[in-house]
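Chain identifiers are assigned alphabetically (A, B, ...) following the order of the sequence lines, protein sequences preceding nucleic acid strands; residue numbering begins at 1 within each chain.
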Amino acid sequence: MATMTFADALNDAHRIEMRRDPNVFVVGEDVGIYGGIFGVTKGLLEEFGEMRVRDTPITESAFVGCAVGAAAAGLRPVAELMFVDFVGVCLDQLYNQGAKMRYMFGGKAQIPMVLRASCGAGIGAAAQHSQCLEAWFMHVPGLKVVMPSTPADAKGLLISAIRDNNPVVFLEHKILYATEGEVPEGEYTVPLGKADVKRKGEDVTVVATAAMVPKALAAADALAAEGISVEVLDPRTLLPLDEEAILASVKKTHRLVVVHEAVKFAGPGGEIAAMVAEKAFDYLDAPILRVAAPFSPVPFSPPLEQAFIPSEERISQAVREVVGA
Amino acid sequence: MSITREKLVDAYTTMVKIRTFEEHAAQLFAEGKIPGFVHLYVGEEAVAAGVCATLRDSDYITSTHRGHGHLISKGGDVKRMMAELFGKRTGYCKGKGGSMHIADMNLGIMGANGIVGGGPPLAVGAGFACKYLGRDDVAVCFFGDGAANQGTTHEGMNLASCWKLPVVFVNENNCYGISCSVDRATCVTDIADKAAAFDMPAVTVDGNDLMAVYEAASEAVERARRGAGPTLIECKTYRQRGHFEGDPAEYRSPEEVAEWKAKDPIPRLEKKLLEMGVLTEARIQEIRAGVLAEVEEAVRFAEESPLPDPSEVTEDVYA
Ligand SMILES: Cc1ncc(C[n+]2csc(CCOP(=O)(O)OP(=O)(O)O)c2C)c(N)n1
Ligand SMILES: [Mg+2]
């Protein structure tokens, strides 16, 4: 184990896979000379050279489409979208082309690519550089959607995503890049589609994603002092969703709060809540609550942005509400 | 069309105002008083000032992430701009937008833009509205050398040309899109050459020469106003600072930066105007002092203004 940041853990995953498999290459804006705007691809150009670490012009459709086409032709691209908000520029190449080729061609193609993107609010980057759009991708059959919350998960999931034979959208909350944690060395993998219980508890299940996981854990600590035992579960992969793990937790605690930074309406929490209501209704002792962002674009001004992002206090309130405290 | 002496003084004043505004913004950002991203236009002032000197209030512009210069040149109020940079309620966007989204619809400023290549189709739309409504106003689209490679830019230029719309595409070729130098991003030497694909007239000018920019822009704007269609103007210039404040900009050499600083458009225009007798040293000092007072007042206004209330988050989502 080594202590490293979330960004360095992702960097490590790139290096391991690029050393292991000569068909893995990196493509995107400022991934080479600059080392990625958040530093994730730092040093890769020096180690692997220009053929495998491709700086592109500002042309998201061209380079994301290039990743799709190269994957169809046998390579394993890792494309970096600087901010997930830019996906609108190139969405067709991802969801109409990459996600559907295999199905449309009757199973005769595979698209082993990863589209990495930063997401999330918290640095005053305003409405076009701060969104959490995971629900958009969750709505597309053919994609996988990953959203890690710790450096170790980031590394293990990225390695799995690169090895997966499907297009994987890999979402990195920008607030997490500088966070540190213990990360296993070498070819450490975390399987896609497997949730992780980040804290065991008895009274209520809090399903949280990305930057909401540390907040949920902090809330759980505080609530423990009030005598409320919170289980915090991080799905880690949103598509496919580890329904089994979520259901097992809810069947134990009988209460569910879902926390995410994406806007609440038609967000990922709606899907999780509906799944639990369908499959474990009889186990529930209280209505399922969602803690999520209000239905607005992400505002710039710090007090507005802080009001937008779900707070530890709002998570605690929801937990108190479902346990009737 | 040559520029009047009065317009020259105005354009010079505008350039000094942009520079002064941004020097203050840089300092305030470093002090932590301005949150988020700030992209400065230092070294490129002649482009916005020269182009906007040919426009009137009812004309439209679309801007970029590097928008302060465009906004000030189109008549934007530095008090409300600075307040927006601070995220204050008195700012242009009530603190909702920040530096990257300042807009003034009353002055035809359709917003700075966080999406590279977001502006060109919008300018096409504004140009279409002018034509549709029988107005002789025009839309100017400022976009970078990086943005010149986006599909939206090419689609926008094609549509403007097909429909003979009153749009002027102003390319700010400042040699880089973040770390990507223009020669690594496109195979043509002059971005103006791209217009050939749309049968659109195009010209390349020295973007650090206010008069050259003005001349090219006035011809293009006049052409657009009389319904003869769009033009592409490429202005060769240079971004003197990092891509955003805090960018160490290690992707370029200090020699290159020094070479371009020597071609700074402001002292260059100043020298010319002194030679022409349009300005005197005394008048220059007077202009600079006036601008400084205005910007300092803007900073004071921003600092003293209230922050928005958290309850305002969900306001303004729908009309
Ligand atoms: C669609 C999109 N892709 C990438 C970015 C990130 N980005 C912001 S500014 C920039 C460089 C833009 O270069 P250019 O158009 O030359 O403008 P300049 O910054 O030089 O003024 C990039 C890549 C973005 N904001 N939007
Ligand atoms: Mg540029």
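- Residue contact with chain B, scored on non-hydrogen atoms closer than 4.5 Å, is absent for A:Ser61.
- Proximity of B:Phe37 to A:Ile123: side-chain heavy atoms (C-beta onward) are separated by under 4.5 Å at one or more points.
- Counting only distance, with no hydrogens or angles, the side chain of B:Asn149 and the backbone of A:Ile58 share no donor-acceptor pair below 3.5 Å.
- Chosen from B:Ala249, B:Gly98, B:Gly151, the residue pairing most often with chain A at heavy-atom distances under 4.5 Å is B:Gly98.
- With values rounded to the nearest 0.5 angstrom, A:Phe295 atom CZ is found 4.5 Å from B:Tyr318 atom OH.
- Residue A:His129 holds its NE2 atom at 7.0 Å from NE2 of B:His101, rounded to the nearest 0.5 Å.
- Using a 4.5 Å heavy-atom threshold, the side chains of B:Pro308 and A:Pro303 count as touching.
- With A:Ser296 contributing its side chain and B:Thr314 its backbone, the two residues share no donor-acceptor pair below 3.5 Å.
- Heavy-atom distances place the side chain of B:Val317, and not its backbone, under 4.5 Å from chain A.
- For B:Tyr176, no part sits under 4.5 Å from any heavy atom of chain A, backbone or side chain.
- At a 4.5 Å heavy-atom cutoff, the contact between B:Leu85 and chain A is made by backbone atoms alone.
- With a 4.5 angstrom heavy-atom cutoff, B:Asp247 touches chain A via backbone and side-chain atoms both.
- No part of B:Asp145 comes within reach of chain A, as not one of its non-hydrogen atoms sits under 4.5 angstrom from that chain.
- Ranked by heavy-atom pairs under 4.5 Å with chain A, the first of B:Gly97, B:Ser311, B:Gly144, B:Gly91 is B:Gly97.
- For the atom pair B:Cys93 SG and A:Phe300 CZ, the distance stands at 10.0 Å (nearest 0.5 Å).
- Rounded to the nearest 0.5 angstrom, A:Ile33 CD1 and B:Ser181 OG are separated by 6.5 Å.
- From A:Glu50, atom CD reaches atom CZ of B:Arg184 across 6.5 Å, with rounding to the nearest 0.5 Å.
- Note that CG of A:Leu304 is 10.5 Å distant from NZ of B:Lys94, once rounded to the nearest 0.5 Å.
- Residue B:Lys88 places its NZ atom among more than 12 non-hydrogen atoms of other residues, nucleotides or ligands, all under 6.0 Å distant.
- Comparing A:Thr56, A:Asp85, A:Val298, A:Ile37 by heavy-atom pairs within less than 4.5 Å of chain B, the highest count is held by A:Ile37.
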